[in-house]
Amino acid sequence: MYGQRKNVCCKFSSVDMDRADSILNSVVIPTPTPTDFADSDELQDLNKPTVASSTLTGKLDSGNRMSLSSLMTAVVDDLQILNNNLQAVVGAENPMLTSAAEQIFSAGGKRMRPALVFLVSRATAQMAGLKDVTPQHRRLAEIIEMIHTASLIHDDVLDESDVRRGKKTIHQLYGTRVAVLAGDFLFAQSSWYLANLENLEVIKLISQVIKDFANGEIKQASSLFDCDISLQDYLDKSFYKTASLIAASTRSAAIFSGVNSSVCDQMYNYGMNLGLAFQVVDDILDFTQSTAQLGKPAASDLVKGNLTAPVLFALEQEPKLREIIDSEFTEEGSLDIAIDLVHRGGGIERSQSLAKQKGDLAIKNLQCLPSGAMRSSLEGMIKYVLQRID
């Protein structure tokens, strides 16, 4: 329906860009199954060189780097309202829990997930003939940010992480007990607001996300230092821990716009593929960036026995890597050797191909949307994620 429309060129002023940067730095407090993520043909294609003619590769070769603030300019006013509302949502019932929650909100988060909610909301609202986003759209964005924040607090406790985004984690500042309670507090608040949206489909979608978080942690904990896990196991876990929330949020945004089920399905798939690309890129950076760049210890997943895509690919080429992982890095210098083997075994390059495949799929999922600023920003989100590994 919208495929024949001409592209709309939208320009934003420097004032708009400054407002987007300000918000990024402000303090705020039928669905596919995981086994559908990668079929055998797709996994086999990862053994081949990356094809430069893919949809996304062409975009990435243009040399134009994306900034997150430029992508968020289209929804800068929505994000400002979100920031203000989150402070009221968290409230001041318990100063200690509220202070802990505000600490992680202020730790340099990108606000990427609520921005995706607003971008999909506005794109699909246009399709449905709505003049503006609805109160349900706005509440959804707040719920998604609270759930994401709660999951980060709990993840840091489970992973015993001391640093996130270059700052001390909640459990380091306030203790494990307060950190767990702060995460529970945000989950409970988000669940209350979710129930009050009174949309059963959205309630089921977002509730499943919280279940997926637990499934992802269980899968990860039960497979530490296991060199026999498959790439599909890795993708399943990545869906549960990262992509599930993004997919549910983008689909829910489309649901509240009242568009047809086909568009809702495409928005779910967009969120899923973007989320998987995001996770693979994060796992690549764990091997290619320094501790200072990451804001957390480099190769932290490998040290803890969490084997990600670069390791799984390298294991196919470097038998020595299996021996080192099986020993759980007990010998001095074994971690450095393992990192070198991941690079030598082609783990980085093949993981880059996997991330770009997911990015290409996400681009295709957006073809149902009308051309314009919102769709351009949604496409730009994919480029922003992938340019970190170029």
Side-chain angles (χ1 to χ4, degrees), residues 30-38 109-117 119-121 140-156 158-159 183-184 186-187 190-191 193-195 197 199-223 229-256 261 264-283 301 306 308-309 354-355 357-359 361-362 365 378 381-382 385:
T31 301
T33 61
T35 52
D36 293 329
F37 300 155
K110 303 179 186 72
R111 313 291 183 264
M112 185 175 181
R113 288 156 186 80
L116 287 169
V117 170
L119 290 168
V120 172
S121 295
L140 173 65
E142 294 158 11
I143 289 168
I144 295 304
E145 185 68 357
M146 282 192 288
I147 291 175
H148 174 57
T149 302
S151 72
L152 294 183
I153 295 173
H154 282 178
D155 277 355
D156 288 338
L158 289 170
D159 297 341
D184 290 347
L186 289 175
F187 274 130
S190 64
S191 297
Y193 285 107
L194 176 62
L197 288 176
N199 184 298
L200 186 57
E201 185 177 0
V202 171
I203 290 172
K204 287 182 176 180
L205 271 171
I206 306 301
S207 298
Q208 180 65 44
V209 168
I210 299 175
K211 178 182 175 183
D212 287 344
F213 283 154
N215 281 336
E217 290 296 342
I218 292 169
K219 279 183 173 290
Q220 180 169 301
S222 63
S223 61
I229 64 169
S230 67
L231 183 61
Q232 188 61 60
D233 292 329
Y234 163 78
L235 290 172
D236 288 350
K237 182 193 67 179
S238 298
F239 171 78
Y240 290 137
K241 294 194 67 177
T242 302
S244 175
L245 177 62
I246 300 175
S249 64
T250 49
R251 181 183 178 93
S252 296
I255 290 171
F256 282 131
S261 59
C264 291
D265 288 344
Q266 290 299 315
M267 292 304 94
Y268 184 94
N269 291 334
Y270 167 78
M272 178 184 70
N273 287 312
L274 175 63
L276 290 174
F278 184 93
Q279 186 58 58
V280 175
V281 167
D282 256 16
D283 293 336
D301 280 328
N306 178 27
T308 56
L354 175 60
Q357 281 186 4
K358 296 304 177 185
L361 291 174
N365 296 140
L378 288 167
M381 285 290 187
I382 305 165
V385 167

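Just so you know, residue 1 is the first one in the sequence shown, and it goes up from there.
- Within the model, atoms NZ of Lys204 and NZ of Lys211 stand 12.5 Å from one another, a figure rounded to the nearest 0.5 Å.
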Audit row: Met381, Leu116, side-chain contact (heavy atoms from CB on, under 4.5 Å) steps and yes/no: CA-CA 8 Å; Met381 285 290 187; Leu116 287 169; 3.8 Å; yes

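- Of the inter-residue distances, the one linking Leu354 atom CG with Leu235 atom CG reads 6.0 Å to the nearest 0.5 angstrom.
- No hydrogens or angles considered: nothing links the side chains of Ser238 and Gln279 as a donor-acceptor pair under 3.5 Å.
- Using a 4.5 Å heavy-atom threshold, the side chains of Glu217 and Leu158 count as touching.
- In summary, the side chains of Asn306 and Lys237 do present a donor paired with an acceptor at a separation below 3.5 Å, with no hydrogens or angles considered.
- Nearest heavy-atom pair across Leu140 and Ser249 is CD2-O, 3.8 Å.
- Here OG of Ser252 is found 10.0 Å from OH of Tyr268. Values are rounded to the nearest 0.5 Å.
- The shortest non-hydrogen separation linking Ala362 to Leu274 is CB-N, 4.1 Å.
- Between the side chains of Gln220 and Lys241, a donor-acceptor pair is found at a separation under 3.5 Å.
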Could you go step by step and tell me if Lys358 and Phe278 meet the side-chain contact (heavy atoms from CB on, under 4.5 Å) rule? CA-CA 9 Å; Lys358 296 304 177 185; Phe278 184 93; over 6 Å; no

Under the side-chain contact (heavy atoms from CB on, under 4.5 Å) rule, what do Ile218 and Tyr240 come out as? Steps first, then yes or no, please. CA-CA 10 Å; Ile218 292 169; Tyr240 290 137; over 6 Å; no

Does Glu145 form a side-chain contact (heavy atoms from CB on, under 4.5 Å) with Thr149? I'd like the steps, not just the answer. CA-CA 6 Å; Glu145 185 68 357; Thr149 302; 4.3 Å; yes

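- For the ring pair (Phe, Tyr, Trp, His ring centres under 6.0 Å) test, residues two or more places apart in sequence or in another chain that qualify with Phe187 are His154.
- Considering all non-hydrogen atoms of both residues, Ala253 and Val120 come closest at CB-CG1, 3.9 Å.
- Distance CG/Asn269 to CG/Asn365: 5.0 Å, rounded to 0.5 Å.
- Once rounded to the nearest 0.5 Å, the distance linking OG of Ser190 with CD1 of Ile147 reads 4.0 Å.
- Side chain to side chain, Asp283 and Tyr234 meet the donor-acceptor criterion of an N or O pair below 3.5 Å.
- Two residues are said to be in side-chain contact when any heavy atoms from C-beta on lie closer than 4.5 Å; Leu197 and Phe256 meet this criterion.
- Residues Ile255 and Leu205 are in side-chain contact: their nearest non-hydrogen atoms beyond the backbone lie under 4.5 Å apart.
- The heavy-atom pair separating Leu194 from Ser207 by the smallest distance is CD2-OG, 4.0 Å.
- Scanning both residues, Met272 and Ala243, for their nearest heavy atoms gives O-CB, 3.5 Å.
- Between the CG atom of Leu276 and the CD atom of Gln357 there is a distance of 11.5 Å, given to the nearest 0.5 Å.
- At distances below 3.5 Å, not a single donor-acceptor pair connects side-chain atoms of Thr242 with backbone N or O atoms of Phe239.
- Just one residue in the list Leu245, Val209, Thr250 forms a side chain to side chain contact (heavy atoms under 4.5 Å, CB included) with Ile144, and that residue is Leu245.
- The heavy-atom pair separating Leu378 from Tyr270 by the smallest distance is O-OH, 2.7 Å.
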